[in-house]
Amino acid sequence: MTSAAARPARIALVGDRSPNVVSHTRIPLLLDALAERDRLVLDPYWIPSEDLGAGTGDASVHGFDAVWVVPGSPYRSEAGVLAAIRTAREEGIPFLGTCGGFQHAVLEYARNVCGLTHVAHAETDPDAEDLLIEPLSCSLIGHEGVVTTEPDSLARAVLGAERTVERYHCSYGPSRHLDTLRAHGLRFSGYDEDGHVRMAELPGHPFFLASLFQPELAGDTARPHPIVRALARAAAEHAGARTAGPRATTVG
């Protein structure tokens, strides 16, 4: 039997896996490259959004070493995705949200931390009175653009540069209540050339980063994007800390 110390870090890939979503086909290749190039071995579990929830008996991300809410919205269960994000945020599990994952990370924070319980996502509730996530003025599907990171931020540290060019495949983003989100501790740490929010992070959390762009689409799958590598390192550190503790948490 393999010892707890030898087990790879477990990562929950939250989203409705589809062969028609390009990022979903690339993520397994990126994980293979992380193991080969960086010796960062992750044990991935794809968790459909509708399998997640806050009720007894529902699948959850408790006990994982990282949570990545992957692109592919609208998710079959918005509530399931929000429950996974909340667990990662509250339990200090390394978290990455890309594209739809970014949008829902902001939505979860607004509802559960800021008390903006009625804010909604236009993709799933277009007639809501208070839309936090709205259609972008210009769709970013297939678009590349410059992202400028904030000084002394996790985004800057991970990317290693003030400016970077990133790929998008989305049509929605946050537009309202940004000052309220900031006042409650969420940091917007990356902006496009027009000053629109493109990255968010949570100071004080071991690793909580979200981007509207999709780092999994960058370049060659043999060279994972710095954000993906950073998540893998954070997952490995989380797994090491769990193993070193008095009792290792297992997922059965």
Side-chain angles (χ1 to χ4, degrees), residues 4 7-18 21 23-24 27-28 30-31 34 40-113 121 124 154 158 185-186 200-202 204-211 214-216 227-245 247-252:
R7 292 186 187 131
R10 294 187 169 205
I11 180 171
L13 301 171
V14 175
D16 306 313
R17 192 176 188 181
S18 169
V21 178
S23 62
H24 294 185
I27 287 173
L30 294 170
L31 298 182
L34 285 169
L40 292 169
V41 181
L42 301 182
D43 188 8
Y45 289 77
W46 287 83
I47 305 181
S49 63
E50 58 195 353
D51 287 355
L52 290 158
T56 301
D58 292 329
S60 77
V61 297
H62 295 285
F64 280 90
D65 297 301
V67 175
W68 183 351
V69 177
V70 302
S73 62
Y75 304 107
R76 289 197 287 267
S77 172
E78 178 182 271
V81 170
L82 296 180
I85 296 169
R86 183 171 188 171
T87 298
R89 177 177 57 79
E90 293 183 339
E91 296 189 3
I93 302 171
F95 170 83
L96 176 62
T98 55
C99 195
F102 166 87
Q103 297 160 13
H104 285 74
V106 175
L107 186 64
E108 188 278 327
Y109 203 84
R111 288 181 180 176
N112 295 320
V113 178
H121 193 308
T124 53
L154 175 61
V158 166
L186 190 66
E201 59 190 64
L202 188 56
H205 191 282
F207 185 95
F208 192 100
L209 190 62
S211 66
Q214 294 189 29
E216 63 274 7
I227 288 177
V228 178
R229 293 203 308 271
L231 176 68
R233 288 193 296 269
E237 291 173 4
H238 188 272
R242 280 200 304 116
T243 301
R247 295 181 62 185
T249 301
T250 59
V251 178

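- For Arg76, the side chain to side chain donor-acceptor pair (under 3.5 Å) test picks out Glu50, with sequence neighbours left out.
- Pairing each heavy atom of Phe64 with each of Ala12, the nearest pair is CD2-N, 3.6 Å.
- Thr124 is linked by a side chain to side chain donor-acceptor pair (under 3.5 Å) to Glu78, counting only residues two or more places apart in sequence or in another chain.
- Side-chain atoms of Glu216 and Pro71, non-hydrogen and from C-beta on, do get closer than 4.5 Å to each other.
- The side-chain heavy atoms of Pro8 and Leu42, taken from C-beta on, include no pair separated by under 4.5 Å.
- Among residues two or more places apart in sequence or in another chain, the side chain to side chain donor-acceptor pair (under 3.5 Å) test is passed with Ser211 by none.
- Taking both residues in full, the closest heavy atoms of Ala9 and Ala235 are given as CB-O, 3.5 Å, listed atom of the first, atom of the second, then distance.
- Here the CG atom belonging to Asp51 is positioned 14.0 Å from the CH2 atom belonging to Trp46, to the nearest 0.5 angstrom.
- Counting only residues at least two apart or in different chains, ring pair (Phe, Tyr, Trp, His ring centres under 6.0 Å) contacts with residues 74-94 comprise Tyr75-His104.
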For residues 81-97, tabulate all N or O donor-acceptor pairs below 3.5 Å that involve a side-chain atom, not counting sequence neighbours.
from  : atom 1 : to     : atom 2 : distance (Å)
Arg86 : NE     : Glu90  : OE2    : 2.9
Arg86 : NH1    : Asn112 : OD1    : 3.3
Thr87 : OG1    : Ala83  : O      : 3.0
Arg89 : NE     : Glu108 : OE1    : 2.9
Arg89 : NE     : Glu108 : OE2    : 3.4
Arg89 : NH2    : Glu108 : OE2    : 2.7
Glu91 : OE1    : His62  : ND1    : 3.2
Glu91 : OE2    : His62  : ND1    : 2.6

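- For Leu52 against Ser60, the heavy-atom pair with the smallest separation is CD2-CA, 3.7 Å.
- A donor-acceptor distance shorter than 3.5 angstrom exists from the side chain of Asp65 to the backbone of Arg10, with no hydrogens or angles considered.
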Before giving the answer on side chain to side chain contact (heavy atoms under 4.5 Å, CB included), spell out for Leu231 and Ile11 the whole-Å C-alpha distance, their side-chain angles and the decisive distance to 0.1 Å. CA-CA 10 Å; Leu231 176 68; Ile11 180 171; 3.8 Å; yes
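- Looking at every heavy atom in both residues, Arg233 comes nearest to Leu40 through CG-CD1, 3.7 Å.
- The shortest side-chain heavy-atom distance between Val69 and Val67 falls under the 4.5 Å cut-off.
- Closest approach of Ser49 and Ser77 over heavy atoms only: OG-N, 2.9 Å.
- Smallest separation of non-hydrogen atoms from Pro44 and Leu13: CB-CD1, 3.9 Å.
- With sequence neighbours left out, the side chain to side chain donor-acceptor pair (under 3.5 Å) criterion links Gln103 to His121.
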